[in-house]
Amino acid sequence: NRRGAHGICFDYIVDPDGTGDFTTVQGAVDAWELTSNNASIYICPGTYAEDVTIGTGGALTTSLRMYGVAAGEVTIGSVNGLTFIHRSSHRSGWRFENITWDGTAAGSSVRGTTVINHGAYFFNCLFTRKVSADWAGTQFTDCIFQKGYHVEATQSPANTRFLRCTFSDTNTWANAPSWHTFTECIFGASTDIIVATAGVADVSFVNCDFDTSGGAKNFFTNTVTGIANLRFMGCHFGRPGTVACIYLQSGGGSGLVVD
């Protein structure tokens with residue numbers, strides 16, 4: 001193990017100038033996947049125009065920690081910044097800190113093609129493109145979503161937590177998320193959340209700030225089959241817009257709480 005800038009020991013160091021173990025982030029991830037050990041990766045300042053894939057070797061039984069040197073100093077991504085192919089069967093999962101995840105307009109900052117069991121932890125990350133995966137026990141803390149948190153029609157994410165995150169674009173949910181909690185988050189799009197086809201189950205917003213900046217509505221559901229246990233507790237709705245703060249168009253449901 002070597003020490004990074006903050007005195008923390010790391011297994012692999014990535015540096016584009018060739019002074020580390022690898023010049024690419026994928027190289028370090030591949031090295032970790034070949035071992036049966038938990039590992040940490042330290043990423044030196046730079047823009048890494050590559051897409052990182054985790055799980056090419058199958059289900060993983062060890063944890064991974066990936067640290068950028070500081071917020072705003074490390075950018076990773078070409079088309080799809082980070083892709084999970086296989087799940088983690090290790091309960092402490094994966095941690096990603098101080099990283100800007102990039103991608104193209106048609107791509108994603110983070111995406112997943114299978115259930116990410118036991119989850120991942122993103123801390124102080126910036127996502128320049130959409131984020132979408134089948135999360136199961138994942139947390140985002142102090143993260144910025146420039147293109148929203150999305151649920152695709154084939155996904156059913158659950159047990160996902162957001163703390164002090166900022167969402168500056170519309171979040172579109174094409175399928176029902178469950179057991180999601182948003183705490184002290186800021187929503188600032190013209191329409192903050194659109195639930196496209198399916199409902200929501202056990203989704204809570206606690207001490208969140210919704211400001212549509214004069215848009216049509218804050219929380220909007222469209223042709224929804226049902227709402228179950230949707231809670232807004234201690235939230236601030238800055239501008240109700242031309243329709244409503246909370247607009248449930250159709251489908252009905254039970255358990256809507258606004259406190």
Side-chain angles (χ1 to χ4, degrees), residues 108 110-112 115-122 125 127 130-212 215-238 240-241 243-259:
S108 303
V110 179
R111 64 177 184 165
V115 174
I116 304 173
N117 198 23
H118 305 315
Y121 179 42
F122 293 87
C125 288
F127 308 103
K130 70 177 184 178
V131 175
S132 178
D134 252 335
W135 312 110
T138 293
Q139 180 164 328
F140 299 86
T141 299
D142 295 323
C143 293
I144 298 174
F145 296 75
Q146 291 187 339
K147 293 298 179 181
Y149 169 74
H150 298 264
V151 179
E152 306 296 343
T154 57
Q155 297 171 344
S156 299
N159 299 320
T160 303
R161 298 173 301 279
F162 302 83
L163 175 62
R164 297 188 303 272
C165 292
T166 299
F167 302 85
S168 51
D169 203 352
T170 299
N171 304 276
T172 302
W173 299 349
N175 202 7
S178 61
W179 297 105
H180 277 43
T181 302
F182 299 81
T183 304
E184 298 179 12
C185 293
I186 298 173
F187 296 84
S190 59
T191 299
D192 291 323
I193 300 171
I194 296 176
V195 184
T197 53
V200 298
D202 294 290
V203 175
S204 299
F205 300 88
V206 182
N207 297 330
C208 292
D209 191 339
F210 293 86
D211 190 342
T212 63
K217 54 197 75 73
N218 290 114
F219 188 95
F220 171 62
T221 66
N222 182 30
T223 62
V224 172
T225 56
I227 299 293
N229 299 325
L230 173 62
R231 306 175 184 90
F232 297 87
M233 295 173 287
C235 294
H236 172 255
F237 296 90
V243 178
C245 292
I246 303 171
Y247 180 46
L248 306 181
Q249 180 174 346
S250 62
S254 62
L256 172 63
V257 176
V258 181
D259 185 6

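Just so it is clear, the values below take in all heavy atoms, side chains as well, and ignore hydrogens, waters and symmetry mates.
- For the pair Cys208 and Glu184, the tightest heavy-atom approach, listed with the atom from each and the gap, is SG-N, 4.0 Å.
- Once rounded to the nearest 0.5 Å, the distance linking OG1 of Thr141 with CG of Leu163 reads 5.0 Å.
- Between the CH2 atom of Trp173 and the CD1 atom of Ile194 there is a distance of 11.5 Å, given to the nearest 0.5 Å.
- Atoms CZ and OG1, from Arg161 and Thr138 in turn, are 8.0 Å apart once rounded to the nearest 0.5 Å.
- In this structure, Phe187 CZ and Thr170 OG1 are separated by 11.5 Å, a value rounded to the nearest 0.5 Å.
- Across every non-hydrogen atom of Ala153 and Ala174, the tightest pair is N-CB, 3.7 Å.
- Distance CG/Asp202 to CG/Asn229: 4.5 Å, rounded to 0.5 Å.
- For the pair Asp192 and Phe205, the minimum side-chain heavy-atom distance is 4.5 Å or more.
- Without hydrogens or angle criteria, Thr172 side chain to His150 main chain gives no donor-acceptor distance under 3.5 Å.
- Each of Pro157, Cys185, Cys165, Cys143 was compared with Tyr149 under the side-chain contact (heavy atoms from CB on, under 4.5 Å) criterion, and only Pro157 meets it.
- Remark: Cys235 SG to Asp209 CG distance equals 9.0 Å, nearest 0.5 Å.
- The two residues Asn175 and Gln155 make their nearest non-hydrogen contact at ND2-O, 2.8 Å.
- Ring orientation note: the planes of Phe182 and Phe167 are nearly perpendicular, at an angle over 60° on the 30°/60° scale.
- Nearest approach of Arg164 to Asp142, heavy atoms of both residues: NE-OD1, 2.8 Å.
- The aromatic rings of Phe145 and Phe140 stand perpendicular to each other, their planes meeting at an angle above 60°, with 30° marking the opposite boundary.
- In this pair, Phe122 and Trp135 present their aromatic rings perpendicular. The plane angle is above 60°, beyond the 30 to 60° band.
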